[in-house]
Structures are given as structure tokens and as C-alpha cells.
Chemist: 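One structure, pasted below without further comment.
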Amino acid sequence: MSGGAGSGRAALIFTGGRVHTVNPTNDVAEAIAVAAGRVLAVGGNAEVRALAGPGTRSIDLRGRALLPGFTDAHGH
């Protein structure tokens, strides 16, 4: 599991899918945890679910892909 914003409990987790990290090695994971608007961790379903607390919202991707946000700086 790779970390991001630090340790703690996730506000939102996505599991059960293909999480495209778009990092230099183009890793694909099955789950991601988010806290305070930042990536908390990326890894396997069990690892990421371990970061859930009582108030964590969980979304099952049901095999679908999750891509990072894209910003179009050339909108009309």
C-alpha cells in the first residue's frame, strides 16, 4: 500500500475496481482511501478498508475503473 496525505482514518474509500494511479510506473490498484481532499492510501481492498472509521463513506466500484481528476485549462 502506498501512502499519500498521512496516516489516519479515511473519509471516503473506493474498493473493488481498477484504480489507475497514473504515476511514473502506471500502477493499477484495487482500492483508494481519501481524507481531507487528499489521497490517504492506494492498495488492496483489505488494506484500504482497514482505514475506514465509523463515518467513512464506502463506494464499491464493482469492477469499474477510477481515474484521477483531470482539469481542462482550455475551456470555452
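As the structure is a computational prediction, the values presented were derived from the model and not from experiment.
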Chemist: If you define the side chain from C-beta out and look only at heavy atoms, does anything of Glu30 sit under 4.5 Å from Val19?
Modeler: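 In short, these two side chains do not touch, never coming nearer than 4.5 Å.
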
Chemist: Which atoms form the tightest heavy-atom contact between Ala41 and Val48, and what is the distance?
Modeler: O-CG2, 4.4 Å

Chemist: Looking at Arg49, is its backbone amide N or carbonyl O close enough to the side chain of Asn45 to form a donor-acceptor pair, meaning the two atoms are under 3.5 Å apart?
Modeler: no

Chemist: Can you list, pair by pair, the side-chain donor-acceptor contacts under 3.5 Å of residues 58-70, counting residues two or more places apart and other chains?
Modeler:
unit_1: Asp60; atom_1: OD1; unit_2: Arg62; atom_2: N; d: 2.9
unit_1: Arg64; atom_1: NE; unit_2: Leu61; atom_2: O; d: 2.8

Chemist: State whether the side chain of Thr56 and the backbone N or O of Ala10 hold a donor-acceptor pair below 3.5 Å, judged by distance alone.
Modeler: yes

Chemist: Report yes if the side chains of Thr21 and Val42 come closer than 4.5 Å at any heavy-atom pair, otherwise no.
Modeler: yes

Chemist: First locate atom CD1 of Ile32, then atom CG of Leu51, and finally report the distance between them rounded to the nearest 0.5 Å.
Modeler: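 The CD1 atom of Ile32 sits 11.5 Å away from the CG atom of Leu51.
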
